[in-house]
Amino acid sequence: MLVDGEESLILLRRGEQVCGYLNICPHAGNRLDYAPGKFLLKNDTLICAVHGAVYNKADGLCTGGPCRGQSLRAVLLRVVDGTVCLDPAALA
């Protein structure tokens, strides 16, 4: 459980690197997926299914759409023996 309670997370892996974000668009607080666990991904971006906001996968920064300049809320992760784990700092 995260500090703020249970949340839907987005995990994006590139090789051994993993980025994690809360599944919440900063524009209106909606989930970014169009169906549970189904995301719009194009090249190095993640697209909000509700408002079309475009986020960089690497840092969560919105580069297009109604919340340009805002960022997805990052979740601290670490990879241990190939398994993605929440960093202890992210736990309640």
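Basis for what follows: all heavy atoms, side chains included, without hydrogens, waters or symmetry-related copies.
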Derivation and outcome, side-chain contact (heavy atoms from CB on, under 4.5 Å), residues Val75 and Leu86: CA-CA 8 Å; Val75 176; Leu86 281 174; 3.3 Å; yes

List, one per line, each side-chain donor-acceptor pair under 3.5 Å for residues 29-54, sequence neighbours excluded.
unit_1 : atom_1 : unit_2 : atom_2 : d
Arg31  : NE     : Asp33  : OD1    : 3.1
Arg31  : NH2    : Ser8   : OG     : 3.4
Arg31  : NH2    : Asp33  : OD2    : 2.8
Asp33  : OD1    : Asn23  : ND2    : 3.0
Asp33  : OD2    : Asn23  : ND2    : 3.4
Asp33  : OD2    : Gly37  : N      : 3.0
Asp44  : OD1    : Arg14  : NH2    : 2.7
Thr45  : OG1    : Lys42  : O      : 2.7

Could you pull out all donor-acceptor pairs under 3.5 Å where a side-chain atom in residues 62-72 meets a protein atom, sequence neighbours excluded?
unit_1 : atom_1 : unit_2 : atom_2 : d
Arg68  : NH1    : Thr63  : O      : 2.8

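The hydrophobic clustering, which links ILVMFWY residues whose side-chain heavy atoms are closer than 4.5 Å, places Leu77 and Leu12 apart. Criterion: ILVMFWY side-chain heavy atoms under 4.5 Å apart, direct or through other members. Under it, Val18 and Leu9 are part of a common hydrophobic cluster.
Taking both residues in full, the closest heavy atoms of Arg13 and Val84 are given as NH2-CG2, 3.1 Å, listed atom of the first, atom of the second, then distance. Between Tyr55 and Pro26, the shortest heavy-atom contact is OH-CD, 3.0 Å.
Between the Asp59 side chain and the Leu61 main chain, a donor and an acceptor come within less than 3.5 Å of each other.
Other residues sharing a hydrophobic cluster with Val80 under the 4.5 Å side-chain heavy-atom criterion for ILVMFWY residues do not exist; the residue is a singleton.
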